[in-house]
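Everything numeric in this text was worked out from a predicted model, so none of it was measured.
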Amino acid sequence: MLIDLRDIRFLFRWLELDQLLERPEFSGHTMDDVEAILDLAERISERELASHLRAADTMEPSLRADGSVAVLPEVGAAVRLMAEAGMFSTVFPSEHGGLQLPHLVHAAALGILMSGNLSTASFPLLTVGNARLLTTYGSPAQIEAFALPQIAGESMGTMCLSEPHAGSSLGDIRTRAILEGQDELGARYRITGNKMWISGGDQDFSDNIVHLVLAKTLADDGQPLPGSRGISLFVVPKILPGGERNDVAVAGLNHKMGYRGLPNCALNFGEGQQQPAGSAGAVGWLVGEIGQGLPQMFQMMNEARTSVGLAGAMLACRGYQMSLEYARERKQGRTVGIASEDQVPIIEHADVRRMLLAQKAISQGALALVLFSARLLDEEKTAPSLAERKKAAALLALLTPATKSWPAEQAQVSLDHALQIHGGSGYTRDFEIELLYRDNRLNPIHEGTTGIQGIDLVGRKIRREDGETFRVLATDIRTTLGDVPPGSPFEAVASALHTALGAVEAAVEVLLAETDEKRALAHATPFLFAFGHLVVGWLWLDQALAAEASLCDPTAEADLLFVRGRMHACRYFAEVELPRVDIWLEPLIKGSSLVLDMSPEEF
């Protein structure tokens with residue numbers, strides 16, 4: 001078993017998926033349809049993706065002499081099978097050939113695929129985000145030419161942001177776009193420049209690859225427009241609509257410690273290896289308006305950030321299942337205080353159970369956070385009132401830095417426990433824990449490092465809006481705290497969460513009062529850690545109350561041991577994890593400037 005589908009089913013009930021399906025946008029689906037999607041994703045994940053996990057890790061993509069990229073044949077076969085099963089089309093409206101399912105269901109299905117093989121499952125991750133951006137901002141002709149083939153899984157998609165010299169500083173990109181003319185696909189440009197770290201930048205199994213490229217247009221003086229406001233977005237296909245090869249070349253492959261089955265490329269646009277329409281320069285079409293590249297790309301970036309959080313959650317969930325199975329089967333040592341000739345399964349040892357409980361609390365908490373965020377995206381699009389949609393959008397934006405970084409960072413902690421439980425076997429290739437550990441280590445860096453997420457949270461989501469959305473979140477947390485009745489077994493959980501909330505609220509006030517942006521951002525990453533723990537602690541309490549209620553509901557088919565396990569995980573998180581919030585925030589609240597006081601030379 002890769003993961004326990006009971007966790008997803010429980011979270012669907014907690015997030016009231018059945019009520020979501022009653023909305024007009026999703027009314028064509030039933031819970032039976034959702035169950036069929038989950039079962040199909042599980043079968044594909046176990047039979048088609050997990051089966052080549054190790055092969056994709058050891059036989060990495062290679063660059064052929066002609067400049068094309070070869071991937072493991074099983075990867076391409078699995079991607080085609082996912083396309084045939086509709087895994088690329090789940091969230092798209094029916095008029096675009098989609099199944100029109102909630103994002104909540106799409107995230108769960110994608111997560112199940114990730115648990116089998118994260119590298120291979122990343123192709124639909126990127127392609128769905130690319131096609132969704134085009135269906136939001138592209139013209140009807142662009143949607144027809146470039147989005148619909150991706151929704152069908154015939155073309156793959158990428159996002160081309162970073163450049164070798166610029167990294168996350170997108171205002172410093174040098175890729176240029178020069179207007180060439182106008183045709184049925186819109187304003188046509190010639191693109192020249194270099195992009196780095198392009199996941200899925202080339203491969204040999206799809207009909208086409210659709211690149212979404214950030215580039216700067218030129219001012220009247222012939223110079224690129226300055227800063228991030230000069231950035232526009234262009235759709236640049238590998239193969240042009242007429243069948244001609246575009247001027248896009250693979251400069252090299254980046255060999256990573258994880259995600260090895262997914263080609264990661266350096267791409268050169270417009271270097272002249274190809275001559276589309278008789279001249280050098282990659283042909284691309286403007287998406288939307290000039291200067292709106294970053295705001296448009298943020299849709300795909302934020303969805304990708306949530307998907308990275310999902311990846312971390314699913315690797316943690318799979319690592320937990322592997323640890324649990326190993327701990328039940330591996331016999332070593334004897335029960336303390338009992339003389340016996342026979343060794344016992346290591347799950348009998350308290351320290352192993354401690355690590356298993358930590359994994360359970362982290363992995364299931366991370367999955368709850370990501371699916372809660374997916375539910376907010378559905379609320380943003382389909383809630384009955386404008387006020388509800390605006391609230392959901394604001395909360396989703398506030399949570400996105402944590403939704404991306406908390407599962408990614410904490411999954412590494414969880415997988416560290418998994419390695420420890422496996423002992424010496426954990427770091428050998430006989431077990432896949434070491435592979436999952438390497439795969440996940442990329443997640444805190446993918447789609448913006450943890451530090452970038454902290455800056456986003458503190459600089460944009462807290463300070464720029466004067467803490468307004470955070471206060472809405474704090475009100476929701478207090479509502480949950482008010483739902484804990486006197487004498488409840490979760491009174492101690494509520495007390496720990498109340499303390500953590502007070503600490504984060506105090507830290508927010510310090511951040512808002514700080515007049516020096518540099519001093520505020522110096523504490524951004526520890527604040528992000530504390531904020532993520534607060535949110536996950538809140539979600540754990542809310543789930544635990546729902547689990548407790550299910551035991552008292554005569555109509556519910558509650559699995560007693562499963563429900564009690566979740567309740568224990570909630571108590572563990574409150575007892576062991578929530579106290580860390582104070583530790584992370586203490587330097588900020590006390591006004592420490594230590595990291596700023598130390599000069600670069602002193603290092």
Check ion pair E509-R471 (N to O, under 4.0 angstrom): yes
The criterion is side-chain hydrogen bond (donor to acceptor under 3.5 Å, both in side chains); which residues satisfy it with D483, sequence neighbours excluded? none
What's the separation between atom CD in E465 and atom CG in L512, rounded to the nearest 0.5 Å? 10.0 Å
Taking NZ, NE, NH1 and NH2 as the nitrogens, is one of them in E25 or K381 under 4.0 Å from a carboxylate oxygen of the other? no
F372 pairs by ring pair (Phe, Tyr, Trp, His ring centres under 6.0 Å) with which of F12, W406, W538? W538
Stepwise side-chain contact (heavy atoms from CB on, under 4.5 Å) check, E586 with D582: CA-CA 6 Å; E586 185 177 9; D582 281 329; over 6 Å; no
Which heavy atom of L415 sits nearest to which heavy atom of I433, and what is that distance? O-CG2, 4.4 Å
How about CD on E388, more than 12 heavy atoms from neighbouring residues, nucleotides or ligands closer than 6.0 Å, or not? yes
Taking K404's backbone N and O only, do any of them form a donor-acceptor pair with E447's side chain (distance below 3.5 Å, no angle check)? no
Heavy-atom nearest pair, A131 first then I151, reads CB-CG1, 4.0 Å
Would the distance check show the side chain of T90 and the main-chain N or O of G86 forming a donor-acceptor pair, the cut-off being under 3.5 Å? no
Looking just at side-chain N and O atoms, do T450 and E409 make a donor-acceptor pair shorter than 3.5 Å? yes
Carboxylate-amine/guanidinium contact R519 E514, below 4.0 Å: yes
Measure up the H446 and Y259 rings against each other and bin them: parallel (under 30°), tilted (30 to 60°), perpendicular (over 60°). perpendicular
Does the side chain of Q150 come under 3.5 Å of the side chain of T127 through a donor N or O and an acceptor N or O? no
First locate atom CG of L126, then atom CE of M159, and finally report the distance between them rounded to the nearest 0.5 Å. 7.5 Å
For the residue pair M31 and L21, establish whether any side-chain heavy-atom pair is separated by less than 4.5 Å. yes
Test side-chain contact (heavy atoms from CB on, under 4.5 Å) applied to V128 and L110, step by step: CA-CA 11 Å; V128 168; L110 178 60; over 6 Å; no
Just to verify, which of L38, I44, D39 counts as forming a side chain to side chain contact (heavy atoms under 4.5 Å, CB included) with I112? L38
Please work out whether the ring planes of F531 and F527 are parallel, tilted or perpendicular, with thresholds of 30° and 60°. parallel
For the residue pair V75 and A56, what are the closest heavy atoms and their distance? CG2-CB, 4.4 Å
Between R13 and D18, is there a salt bridge with N-O shorter than 4.0 Å? no
State whether E163 and K195 are salt-bridged, where the test is any N-O pair (Lys NZ or Arg NE/NH1/NH2 against Asp/Glu carboxylate O) under 4.0 Å. yes
W540 vs F490, ring pair (Phe, Tyr, Trp, His ring centres under 6.0 Å): CA-CA, chis, key distance, verdict: CA-CA 11 Å; W540 258 125; F490 300 111; over 10 Å; no
Just do the side chain to side chain donor-acceptor pair (under 3.5 Å) check on R23 and T382 with the steps written out, would you? CA-CA 7 Å; R23 293 182 180 171; T382 68; 3.0 Å; yes
Can a donor-acceptor pair be found, under 3.5 Å and without considering hydrogens, that links the side chain of Q299 to the backbone of Q296? no
Are D57 and R438 within salt-bridge range, i.e. N to O under 4.0 Å? yes
Could you tell me whether the side chain of D456 reaches within less than 4.5 Å of the side chain of T400, counting heavy atoms only? no
Going from CG on L17 to CD1 on I8, what distance comes out if it is rounded to the nearest 0.5 angstrom? 11.5 Å
Counting N and O atoms only, with roles assigned by atom type, does the side chain of H211 sit under 3.5 Å from a partner on the main chain of I198, one being a donor and the other an acceptor? no
Around R463, counting heavy atoms of other residues, nucleotides and ligands shown, do more than 12 lie under 6.0 Å from its CZ? yes
For A506 and I589, which heavy atoms make the closest approach, and how far apart are they? CB-CD1, 4.1 Å
Under 3.5 Å, side chain of R260 to main-chain N/O of K256, donor-acceptor pair present? yes
Considering only residues two or more places apart or on different chains, which pairs with a residue in residues 310-321 satisfy side-chain hydrogen bond (donor to acceptor under 3.5 Å, both in side chains)? R318-E432
Separation between CG (N254) and CG (N264), nearest 0.5 Å, reads 4.5 Å
Could you go through the side-chain contact (heavy atoms from CB on, under 4.5 Å) check for M300 and R132 one step at a time? CA-CA 8 Å; M300 185 175 181; R132 270 184 44 77; over 6 Å; no
Between N117 (side chain) and S119 (backbone), is there a donor-acceptor pair under 3.5 Å? yes
Decide, yes or no, whether a salt bridge links E505 with R478 under the criterion of side-chain N to carboxylate O below 4.0 Å. yes
Result of checking V504, L497, V581 against H533 for side chain to side chain contact (heavy atoms under 4.5 Å, CB included): V581
Got a donor-acceptor contact below 3.5 angstrom from the S45 side chain to the G116 backbone? yes
Answer yes when E379 and K391 have at least one side-chain N-carboxylate O distance shorter than 4.0 Å, and no when they do not. no
Is it true that H96 and T135 share a donor-acceptor pair across their side chains at a distance under 3.5 Å? no
Exceeds 12 heavy-atom contacts within 6.0 angstrom, atom CZ of R389: yes
T479 side chain to T475 main-chain N or O, any donor-acceptor pair under 3.5 Å? yes
Quick check: closest heavy atoms across S307 and M114, and the distance to 0.1 Å? O-CE, 3.5 Å
Is a donor from one side chain sitting under 3.5 angstrom from an acceptor on the other, for E22 and S27? no
For the backbone of T480 and the side chain of D542, can you confirm whether one donor and one acceptor N or O come within less than 3.5 Å of each other? no
For a quick check under 3.5 Å, do T449 and Q453 share a side-chain donor-acceptor pair by atom type? no
Between the main-chain N or O of P401 and the side-chain N or O of S405, is there a donor-acceptor pair closer than 3.5 Å? yes
So which heavy atom on A78 is nearest to which on T120, and how close? CB-CG2, 3.9 Å
Hey, is CD on E35 packed in by over 12 heavy atoms from elsewhere, all under 6.0 Å? yes
Quick one: CH2 on W14 to CZ on R566, what's the gap to the nearest 0.5 Å? 9.0 Å
Go through the structure and list residues passing salt bridge (Lys or Arg N to Asp or Glu O under 4.0 Å) with E577, not counting sequence neighbours. R580
Pairwise side-chain contact, F10 with Q543, heavy-atom cut-off 4.5 Å (strictly under): yes
Pair W197, L161 - check side-chain contact (heavy atoms from CB on, under 4.5 Å), show working. CA-CA 9 Å; W197 312 117; L161 291 76; over 6 Å; no
From the options N443, L442, L53, select the one residue that forms a side chain to side chain contact (heavy atoms under 4.5 Å, CB included) with L118. N443
